[in-house]
Amino acid sequence: MRIIIAGMGDVGFQLARRLSLESHDIIAIDPDQKRLQYTDSLSDILTINGSSTSIRTLVSARVEDADLVLAVTSSEEVNFTTAIIAKKLGAKKTVARVENSEYISKDCPINFTELGIDYIIYPEELAALETVKLIKRTAASDVIDFEDGKLSLIGLRIDKTAPLVGKTLIQIVQEYSTIDFRIVAIYRGLRTIIPTGQDKVLPNDQIFVIITPDSMKSLISIAGKTNQKFENLMILGGSKIGRLTAKLLEDELNIKLIESDKDRGFELADELQSTLVINGDGRDIDLLAQEGIIDMDAFVAVTDDSETNIISCLMAKHLGVKKAIALVDKVDYIPLTQTIGLDALINKKMIAVNDISRFVRKGEVVAIASLHGIDAEVFEFICKPNSQATKSKIKDLNIPKGAIIGGIIRNDEAFITMGKTQVNEGDKVVVFALPGVIEKLEKLFS
């Protein structure tokens, strides 16, 4: 595919970095030469210094031949203008990143496809939905659902006393044969491992598991966790993400939201029906104690400052909060946060990258997601007729090194794969893979 990316901020750069591992013709446009120099470190990317709203710039990028234009600058006005002009100049599909929730609301009176924008992405809403999912799935550090939850991939951090500790994957499968799950990756230190049957689960490992809904409770138990029902939630920061999270959960949980800006606090108090809005500095441990943080089940820090979010979540864990979730906007911080005791983290830019990526993949890939801080991706393929994957059982397929098939959804029925499993035409296959193997996987299922 020929893909034009407008804006080389974090979202644009991460898209370019991911796509540079594949056989796409990528053109990066940005008015900031320094950003383009950073992008030049990636292989096989053409950079153009200029404004993506300039017809001359888009023509020089051969926009008329573009399969996809991704307008992901920090300005929604620039993104809208870029997408509309690009479509008029012949681009097949366009995506625009926005910061205004009005554009994605159900009652929005504007049909943006008529203007030339095929898809609008609002990262703050995606981040809020991810936060809600993590709060509801209390034991998990990551949650990705496939086909409305028929299969899920969850991340679990292993405690020293967990029954899985010290056992190989073969031993785990034999001992817990009644539980329908498969460990597809282990994150240890700063390394992602696609395990074999002889690999052991060690204390403090973060394991990633493909699982069916019926087995979730049993898996959480053998991982040494408990999936408790949360009742009390404290949110630090009345940002768009904090506001949306509170709005989505205030009918189910008792919520206290701490906001340092008095004017924004009054706005939040008017908008939120059941949430108690408190004006104060969430870094003040005395304030947190006064507002009953020791009685909280979960603490979510979503201010505009990553350092504040990390520190306040660590304080919350120290004070006994069961689950702390931090918004970490700096991509470079993500690997670090996995090693210092945070239960889960949210990065709205990487969530946006995941959502946009589905427009880049070929027809047989229906879903894709990356995990925060983990050097791997999760794909959902539709197995095409007469594809290589249908010729043999999984154990006999030429699956590329660094990839593992975790589960299959067939005619609304989901099951975990084993070596003797046969993939059929039309199956939706969930695959966990390290970077650089997507092309081989696509050939396997196409």
Side-chain angles (χ1 to χ4, degrees), residues 144 146-147 150-156 164 166-188 191-202 205 207-215 218-219 222 362 364-369 371 374-446:
I144 298 172
F146 297 92
E147 299 298 308
K150 292 184 176 68
L151 275 180
S152 295
L153 182 137
I154 66 169
L156 296 166
L164 297 181
K167 296 175 181 175
T168 66
L169 267 61
I170 289 177
Q171 291 173 326
I172 290 169
V173 169
Q174 292 172 344
E175 188 170 345
Y176 303 104
S177 58
T178 58
I179 304 175
D180 208 15
F181 75 103
R182 184 167 191 181
I183 299 173
V184 293
I186 299 172
Y187 188 65
R188 181 177 298 155
R191 188 164 63 104
T192 305
I193 302 167
I194 302 296
T196 66
Q198 300 303 321
D199 282 300
K200 289 185 177 182
V201 175
L202 302 179
D205 278 353
I207 63 170
F208 293 90
V209 184
I210 300 287
I211 190 163
T212 57
D214 293 341
S215 297
S218 298
L219 171 69
I222 64 172
K362 297 178 182 177
E364 62 267 18
V365 183
V366 293
I368 176 175
L371 296 159
I374 309 300
D375 192 22
E377 294 178 323
V378 192
F379 300 93
E380 183 184 351
F381 290 90
I382 293 180
C383 191
K384 298 296 183 182
N386 299 315
S387 66
Q388 197 63 37
T390 64
K391 306 295 185 184
S392 307
K393 294 179 180 178
I394 285 178
K395 63 183 178 65
D396 299 319
L397 292 177
N398 187 25
I399 299 172
K401 186 177 180 180
I404 185 169
I405 297 176
I408 290 175
I409 300 167
R410 179 182 297 159
N411 299 326
D412 288 332
E413 181 182 356
F415 54 92
I416 304 302
T417 57
M418 305 295 286
K420 61 184 179 181
T421 303
Q422 176 72 51
V423 179
N424 295 340
E425 170 189 333
D427 282 353
K428 294 179 179 178
V429 185
V430 178
V431 184
F432 197 95
L434 296 176
V437 300
I438 177 63
E439 282 187 76
K440 294 178 180 178
L441 288 172
E442 285 181 331
K443 290 177 182 176
L444 186 65
F445 292 100
S446 62

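Note that the CG atom of Asp180 and the CD1 atom of Ile416 stand 5.0 Å from one another [nearest 0.5 Å]. Distance check: Phe181 CZ to Thr212 OG1 gives 10.5 Å after rounding to the nearest 0.5 Å. Within the model, atoms CD1 of Ile186 and CG of Asp199 stand 5.5 Å from one another, a figure rounded to the nearest 0.5 Å. Taking NZ from Lys440 and NZ from Lys443, the interatomic distance works out to 8.5 Å, rounded to the nearest 0.5 Å. Separating the CD1 atom in Ile183 from the CD1 atom in Ile193 is a distance of 11.5 Å, to the nearest 0.5 Å. The CG atom of Leu202 sits 11.5 Å away from atom CD1 of Ile207, with the distance rounded to the nearest 0.5 Å.
Leu219 places a side-chain heavy atom less than 4.5 Å from the side chain of Ile154. In this structure, Pro400 and Leu441 have side chains that are in contact, with non-hydrogen atoms separated by less than 4.5 Å. Counting heavy atoms from C-beta on, the side chains of Val431 and Ile399 never come closer than 4.5 Å. Between Ile170 and Gln198 the shortest side-chain heavy-atom distance falls below 4.5 Å. Put simply, the side chain of Asn386 does not reach to within 4.5 Å of the side chain of Lys384, judged on heavy atoms. The side-chain heavy atoms of Ile211 and Leu151, taken from C-beta on, include no pair separated by under 4.5 Å. Side chains of Leu153 and Val430 form no contact here, defined as non-hydrogen atoms less than 4.5 Å apart.
Crowding of Lys200 atom NZ: a count of heavy atoms from other residues, nucleotides or ligands under 6.0 Å not exceeding 12. The neighbour count for Lys150 NZ, taken as heavy atoms of other residues, nucleotides or ligands under 6.0 Å away, is above 12. By the neighbour-count criterion of 12 heavy atoms within 6.0 Å, atom CD of Gln388 is sparsely surrounded, having that number or fewer from other residues, nucleotides or ligands.
Sequence neighbours left out, not one pair with a member in residues 391-406 passes side chain to side chain donor-acceptor pair (under 3.5 Å).
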Side chain to side chain contact (heavy atoms under 4.5 Å, CB included) evaluation trace for Val423 with Phe381: CA-CA 11 Å; Val423 179; Phe381 290 90; over 6 Å; no
Candidate pair Val429 and Phe445, rule side chain to side chain contact (heavy atoms under 4.5 Å, CB included), full reasoning: CA-CA 9 Å; Val429 185; Phe445 292 100; 3.8 Å; yes
Phe208 vs Thr192, side chain to side chain contact (heavy atoms under 4.5 Å, CB included): CA-CA, chis, key distance, verdict: CA-CA 10 Å; Phe208 293 90; Thr192 305; over 6 Å; no
Side chain to side chain contact (heavy atoms under 4.5 Å, CB included) between Phe415 and Arg410, worked out: CA-CA 8 Å; Phe415 54 92; Arg410 179 182 297 159; 3.7 Å; yes
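Here the shortest heavy-atom pairing between Ser387 and Ser446 reads CB-O, 3.3 Å. Shown here for Ile409 and Glu380, the closest heavy-atom pair between the two residues is CD1-OE2, 4.4 Å. Closest non-hydrogen pair, Thr390 versus Cys383, comes out as CG2-SG, 3.4 Å.
No donor-acceptor pair closer than 3.5 Å links the side chain of Ser218 to the backbone N or O of Ser215. A distance-only check finds no donor-acceptor pair linking the side chain of Arg182 to the backbone of Val173 [under 3.5 Å].
When each of Ile408, Val184, Thr417 is checked for a side-chain contact (heavy atoms from CB on, under 4.5 Å) with Ile210, only Val184 meets the rule.
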